[in-house]
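Below: one structure, written as structure tokens.
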Amino acid sequence: MSTDRPSTADFWSRGRTPVFASKYDQRFSYCLYVPEELGPRAPLVVVQHGTERNFLLYRDHLRSFADEHGALVLAPLFPAGIDDPADLHNFKFLEYRGIRFDRVLLAMVEEVAQRYPVDPERFYLHGFSGGGQFAHRFGYLHPERLAGLSIGAPGRITRLDDTLPWWLGTADFEKRFGRAIDLDALRRVPVLMVAGEDDVETWEITNPGEPNWMDGAEKTGATRVERLRTLERDFAAHGVDVRFVLVPGVAHQASPVLPVVREFFGELIAARRGESA
């Protein structure tokens with residue numbers, strides 16, 4: 001009998017992994033893509049799903065990117081229906097009925113760092129649609145943990161404005177989350193904002209009376225593109241540089257904007273490796 005075959009656990013620890021329950025809270029889980037060649041302090045890329053929770057697809061779309069750059073991809077799953085069977089939006093606003101989704105994600109990062117030689121201190125985060133909502137709010141709370149931030153077509157944005165209530169703005173942010181926004185740290189994070197040029201449908205993002213609505217959201221723009229432009233202006237007013245990209249011929253679709261994200265993160269990874277060489 002050959003002794004060269006890997007154990008089952010070793011085999012499934014590379015490539016497209018199974019879905020793992022988080023040790024921090026087993027209501028939440030994640031999958032990985034792990035290249036065969038993974039050097040020390042490898043880049044970690046987190047890709048956050050939206051309302052549809054299609055996290056396996058997001059992971060798989062970044063396989064070739066991960067192989068090219070020697071990066072590990074982490075795709076969390078924050079299921080719908082936690083506590084309330086009808087709830088779809090829990091993770092987007094960071095906190096839901098005592099659950100802190102930023103802490104859940106950071107715990108997943110630590111779990112992955114215990115198993116693989118990734119850099120756990122600063123990682124790359126991309127989210128699209130509901131994931132874009134989570135991503136920019138996570139960036140407000142933990143900018144020091146981000147080597148790059150990609151915000152894709154969020155339907156609802158949080159402005160850096162202490163006169164507006166959460167989540168329209170950041171009033172009582174420190175009281176709510178236990179720390180103030182560190183604008184100096186946020187200014188050091190490379191930021192991409194990306195959407196499809198034809199992302200103009202409004203039925204899902206202008207829905208007064210539904211649980212993910214606040215009066216005043218309509219003032220940030222009618223479409224996702226308009227709201228993302230409002231967020232870009234808000235970042236610029238606070239000294240945060242943004243690369244803004246609209247992808248021609250694309251509506252509210254996650255996959256067609258990923259080439260822009262891959263290019264952005266690829267440039268950042270190459271630059272960081274150049275600095276450490």
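All residue numbers refer to positions in the sequence shown, counting from 1. In what follows, every heavy atom counts, from backbone to side chain, and hydrogens, waters and symmetry copies are set aside.
Taking each heavy atom of Val200 and Thr223 in turn, the nearest pair found is O-CG2, 3.6 Å. Nearest heavy atom pair, residue Phe123 against residue Leu44, reads CB-O, 3.3 Å.
A donor-acceptor pair is defined here as one N or O able to donate and one able to accept, closer than 3.5 Å; no such pair exists between the side chain of Arg27 and the backbone of Ile82. In this structure, Asp182 contributes its side chain and Ala185 its backbone to a donor-acceptor pair below 3.5 Å. Not a single donor-acceptor pair under 3.5 Å links the side chain of Arg115 to the backbone N or O of Ser13. With hydrogens and angles disregarded, a donor-acceptor distance shorter than 3.5 Å links the side chain of Arg59 to the backbone of Leu32. With hydrogens and angles ignored, the 3.5 Å screen pairs a side-chain donor or acceptor of Glu226 with a backbone N or O of Ala222. Under a 3.5 Å cut-off, the side chain of Glu68 and the backbone N or O of Gly266 do not form any donor-acceptor pair. In this structure a side-chain-to-backbone donor-acceptor pair under 3.5 Å is missing from Glu210 to Pro208. Side-chain N or O atoms of Arg227 include one that pairs as donor or acceptor with a backbone N or O of Ile205 at under 3.5 Å. In this structure, His142 contributes its side chain and Gly139 its backbone to no donor-acceptor pair below 3.5 Å. Although no hydrogens or angles enter the test, the distance criterion places no donor-acceptor pair under 3.5 Å between the side chain of Gln253 and the main chain of Ser255.
Checked against the 6.0 Å centroid criterion, the rings of Phe101 and Tyr96 do not qualify as a close aromatic pair. Aromatic rings of Phe265 and His69 (six-membered ring for Trp) have centroids beyond the 6.0 Å cut-off, not under it. Taking the six-membered ring for Trp and the full ring otherwise, Phe128 and Tyr58 have centroids separated by 6.0 Å or more. Centroid-to-centroid, the aromatic rings of Trp167 and Tyr140 stay 6.0 Å apart or farther.
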Please test Asp172 against Lys175 for salt bridge (Lys or Arg N to Asp or Glu O under 4.0 Å), starting from the C-alpha separation and ending with a verdict. CA-CA 5 Å; Asp172 297 327; Lys175 181 178 180 180; 5.9 Å; no
Please evaluate residues Arg156 and Glu218 with respect to the criterion salt bridge (Lys or Arg N to Asp or Glu O under 4.0 Å), reporting the C-alpha separation (whole Å), side-chain torsions for both, the decisive distance (0.1 Å), and the verdict. CA-CA 9 Å; Arg156 292 160 187 81; Glu218 73 283 356; over 6 Å; no
Could you walk me through whether Arg137 and Asp102 pass the salt bridge (Lys or Arg N to Asp or Glu O under 4.0 Å) check? CA-CA 9 Å; Arg137 294 176 183 125; Asp102 61 310; over 6 Å; no
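Using a 3.5 Å distance cut-off with no hydrogens or angles, the side chains of Lys92 and Thr51 do pair a donor with an acceptor. Side chains of His252 and Asp199: a donor on one and an acceptor on the other come within 3.5 Å.
Geometrically, Arg53 does not engage Phe78 in a cation-pi contact, judged by NZ or CZ lying under 6.0 Å from the ring centre and within 45° of the ring axis. A cation-pi contact, defined as under 6.0 Å to the ring centre and within 45° of the axis, is absent between Arg14 and Tyr116.
Ring geometry for His49 versus Phe91: interplanar angle over 60°, hence perpendicular rather than tilted (30 to 60°). Note on ring orientation: taking the six-membered ring where Trp is involved, the planes of Trp166 and Phe177 are perpendicular (angle over 60°, cut-offs 30° and 60°).
For Glu201, the CD atom sits in a loose shell: 12 or fewer heavy atoms of surrounding residues, nucleotides or ligands are nearer than 6.0 Å.
The only member of Glu267, Glu232, Glu263 that meets side chain to side chain donor-acceptor pair (under 3.5 Å) when paired with Arg243 is Glu267.
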